[in-house]
> 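Provided herewith is a single structure, encoded as structure tokens, for subsequent inquiry.
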Protein chains: 2
Amino acid sequence: MTRPRPERSAASQLAASGRRLTTPRKAVLEALGRADGPLTIEEIWEAVPDVGRATVFRTVKLLLELGLICRVVLENGSVRYVPATPDHHHHFICSGCGAVEEFQHPPIDEAIRTLAESAGFELSGHAVELYGRCRHCRAATPD
Amino acid sequence: MTRPRPERSAASQLAASGRRLTTPRKAVLEALGRADGPLTIEEIWEAVPDVGRATVFRTVKLLLELGLICRVVLENGSVRYVPATPDHHHHFICSGCGAVEEFQHPPIDEAIRTLAESAGFELSGHAVELYGRCRHCRAATPD
DNA sequence: CACAGTACTGAGACCTGGTATCATTTCGCC
DNA sequence: GGCGAAATGATACCAGGTCTCAGTACTGTG
């Protein structure tokens with residue numbers, strides 16, 4: 001098996017700060033991996049019986065800090081979570097099916113950097129979220 | 001007086017949908033205008049005595065819908081509000097002083113449009129927020 | 001293996017931001 | 001002035017999230 005296993009990096013990332021990859025943590029990570037869309041905390045909790053609500057919150061917070069999962073803010077302000085690719089990326093959120101696609105697009109980052117520089121800002125981070133309808137939903141119900 | 005008064009447009013915008021520019025609404029709008037940074041709901045409420053909490057929430061929601069104010073999501077997820085310019089714009093949020101600057105930068109929008117098109121997305125909207133330190137704060141405490 | 005120390009957990013109380021309800025008030029218009 | 005719609009304030013309520021705490025699981029050291 002040469003395929004990288006997510007647990008592997010999760011475990012080592014946690015270990016690096018004296019944390020452990022426990023059963024509940026593994027379960028939350030797997031639940032997010034199984035899902036075919038972003039989940040709310042509530043949905044994660046339902047997908048993970050035998051794990052307390054507080055633990056789900058704690059775990060999600062921890063995984064966020066470690067960059068193992070990613071918070072997605074929908075257009076209406078509600079938040080959901082998806083497993084993250086470690087690289088810098090942005091999200092496209094489909095209002096039809098709720099799917100979230102990650103994308104990278106250097107021109108956007110480049111434009112942002114240029115702007116910040118010319119305005120004298122020192123960037124520490126940025127968030128870009130796109131809202132609309134994906135190929136699938138457009139094909140299903142074209143205007 | 002040729003200078004456009006915000007109340008003017010607010011009143012007409014409201015009237016367009018059968019709404020009224022009442023005392024509490026004017027007060028909320030003015031409180032946001034007086035502030036030199038984005039306010040939380042709580043701060044708005046404190047700045048506006050004699051207005052009920054529920055009314056503040058209702059008013060903010062309404063003003064948002066009308067585009068008269070703008071929601072700003074901070075890096076930690078908390079939300080604040082600033083009076084909006086009616087044009088499409090993005091935000092730069094300073095982690096030092098909390099100031100929010102609006103900016104327009106066509107290259108960013110252009111890059112986003114290009115990306116969406118090539119991926120087959122139908123865009124309905126997008127959010128871009130930049131986080132970092134502004135000129136002032138950099139000057140005050142340079143690294 | 002025993003033991004000590006730390007990380008972690010579940011249950012539930014709690015806190016906080018926001019909404020729903022409803023009787024009352026305000027405003028625009030006739 | 002009087003009518004009806006819009007708006008309001010008080011308050012009860014709900015949901016998302018945190019805190020506390022007693023107990024459990026794991027790690028490593030002798």
Side-chain angles (χ1 to χ4, degrees), chain A residues 7-8 10-32 38-66 68-82 98, chain B residues 7-8 10-32 38-66 68-82 98:
Chain A
E7 292 174 22
R8 189 70 176 295
S12 55
Q13 290 237 93
L14 285 161
S17 52
R19 267 72 164 270
R20 306 199 283 249
L21 181 57
T22 60
T23 316
R25 287 177 185 171
K26 220 181 296 184
V28 167
L29 227 28
E30 278 165 11
L32 282 165
L39 300 182
T40 61
I41 292 272
E42 222 62 18
E43 287 163 351
I44 297 172
W45 187 37
E46 281 161 20
V48 172
D50 313 325
V51 175
R53 215 171 73 100
T55 299
V56 173
F57 277 102
R58 273 188 295 239
T59 302
V60 164
K61 200 175 180 182
L62 176 65
L63 296 177
L64 266 182
E65 279 166 18
L66 293 177
L68 293 169
I69 65 176
C70 201
R71 164 189 287 149
V72 179
V73 180
L74 270 53
E75 214 162 4
N76 64 18
S78 72
V79 305
R80 292 170 170 266
Y81 301 90
V82 288
Chain B
E7 292 174 22
R8 189 68 176 295
S12 54
Q13 291 238 94
L14 284 161
S17 53
R19 266 74 165 269
R20 307 198 284 248
L21 182 57
T22 61
T23 317
R25 288 178 183 170
K26 220 182 295 185
V28 167
L29 228 27
E30 277 166 11
L32 282 165
L39 300 183
T40 62
I41 292 271
E42 223 61 18
E43 287 164 352
I44 298 172
W45 187 36
E46 281 162 19
V48 171
D50 313 324
V51 174
R53 214 170 73 100
T55 299
V56 173
F57 277 102
R58 272 188 296 241
T59 302
V60 164
K61 200 174 178 183
L62 177 65
L63 296 176
L64 266 182
E65 279 166 18
L66 294 176
L68 293 169
I69 65 176
C70 200
R71 165 189 287 150
V72 179
V73 180
L74 269 53
E75 215 163 1
N76 64 18
S78 72
V79 305
R80 290 170 170 267
Y81 301 89
V82 287

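Convention: sequence-line order gives letters A, B, ...; per-chain numbering from 1. A quick note: this is a predicted structure, and the numbers were derived from the prediction, not measured.
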> Figure out the CG/P separation between A:Leu21 and D:dA25, and round it to whole Å.
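In whole Å, D:dA25 P lies 17 Å from A:Leu21 CG.
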> Which distance, rounded to the nearest 0.5 Å, do you find between the CG of B:Leu14 and the CG of B:Leu62?
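So the CG of B:Leu14 and the CG of B:Leu62 are separated by 5.5 Å.
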> Just by distance, no angles: are the side chains of A:Ser17 and A:Arg19 close enough, under 3.5 Å, to form a donor-acceptor pair?
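Yes, side-chain donor-acceptor contact under 3.5 Å.
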> Between B:Leu29 (CG) and D:dA7 (P), how many Å, whole number?
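That distance rounds to 15 Å.
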> Any donor and acceptor pair, going by atom type alone, linking the side chain of A:Gln13 with main-chain N or O of A:Leu68 inside 3.5 Å?
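Looks like no, no N/O pair under 3.5 Å.
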> Are A:Leu29 and A:Ile69 side-chain neighbours, meaning at least one heavy-atom pair lies under 4.5 Å?
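Yes, at least one pair of side-chain atoms sits under 4.5 Å.
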> Separation of B:Arg80 atom CZ from C:dG17 atom P, in whole Å?
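Taking CZ of B:Arg80 and P of C:dG17, I get 11 Å after rounding.
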> Name the pairs: protein N/O against N/O of nucleotides 23-28 of chain C, kept only if under 3.5 Å.
unit_1: C:dT26; atom_1: O2; unit_2: B:Arg20; atom_2: NH2; d: 3.3

> Return the CH2 to CG distance between A:Trp45 and A:Leu39, rounded to the nearest 0.5 Å.
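It is 15.0 Å, given to the nearest 0.5 Å.
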> Please check this pair: side chain of A:Glu43 against backbone of A:Thr40, looking for a donor-acceptor N/O pair closer than 3.5 Å.
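Flag set: sc A:Glu43 to bb A:Thr40 pair under 3.5 Å.
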> C:dG10 phosphate, OP1 or OP2: any side-chain N/O from A:Thr55 under 4.0 angstrom?
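Yes, because at least one side-chain N or O of A:Thr55 sits under 4.0 Å from OP1 or OP2 of C:dG10.
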> Using five pairs at either end of the helix from C:dC1-D:dG30 to C:dC30-D:dG1, determine the angle between the two local helix axes and round it to 10 degrees.
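Result, rounded to 10 degrees: 30°.
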> Keeping A:Thr59 on the side-chain end and A:Thr55 on the backbone end, is there a donor-acceptor pair under 3.5 Å?
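The answer is yes, because a donor-acceptor pair under 3.5 Å joins these two groups.
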> Identify the heavy atoms of A:Gly98 and A:Pro38 that sit nearest to each other, and give their distance.
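For A:Gly98 and A:Pro38, the tightest heavy-atom pair comes out as O-CD, 3.3 Å.
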> Taking atom P of C:dC8 as reference, at what distance in whole Å does atom CG of A:Asp50 sit?
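Whole-Å distance recorded here is 20 Å.
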> Expressed as a whole number of angstroms, how long is the span from A:Leu66:CG to C:dA7:P?
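In whole Å, C:dA7 P lies 15 Å from A:Leu66 CG.
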> Taking atom C1' of D:dT27 as reference, at what distance in whole Å does atom CG of A:Leu14 sit?
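Spelled out: CG on A:Leu14 to C1' on D:dT27 is 15 Å.
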> Find the distance A:Arg25:CZ to C:dG10:P and express it as a whole number of Å.
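Atom-to-atom, A:Arg25 to C:dG10, this comes out as 11 Å.
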> Toward the 5' end of DNA chain D, which comes first, B:Gly18 or B:Gly52, by nearest nucleotide?
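Upstream on the strand: B:Gly18.
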> Just wondering, do A:Val28 and A:Leu63 contact through their side chains at under 4.5 Å, heavy atoms?
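Yes. Closest side-chain heavy atoms under 4.5 Å.
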> What string of B, S and - do you get for nucleotides 11-20 of chain D 5' to 3' if you count protein non-hydrogen atoms under 4.0 Å?
B-----BBBB
> Mind checking whether A:Val60 and A:Leu32 have side chains closer than 4.5 Å, heavy atoms only?
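The answer is no, as the side chains (C-beta and beyond) never meet within the 4.5 Å cut-off.
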> Heavy atoms, side chains only, cut-off 4.5 Å: are A:Leu64 and A:Lys61 in contact?
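When only atoms from C-beta onward are counted, A:Lys61 and A:Leu64 do not touch, as no gap falls below 4.5 Å.
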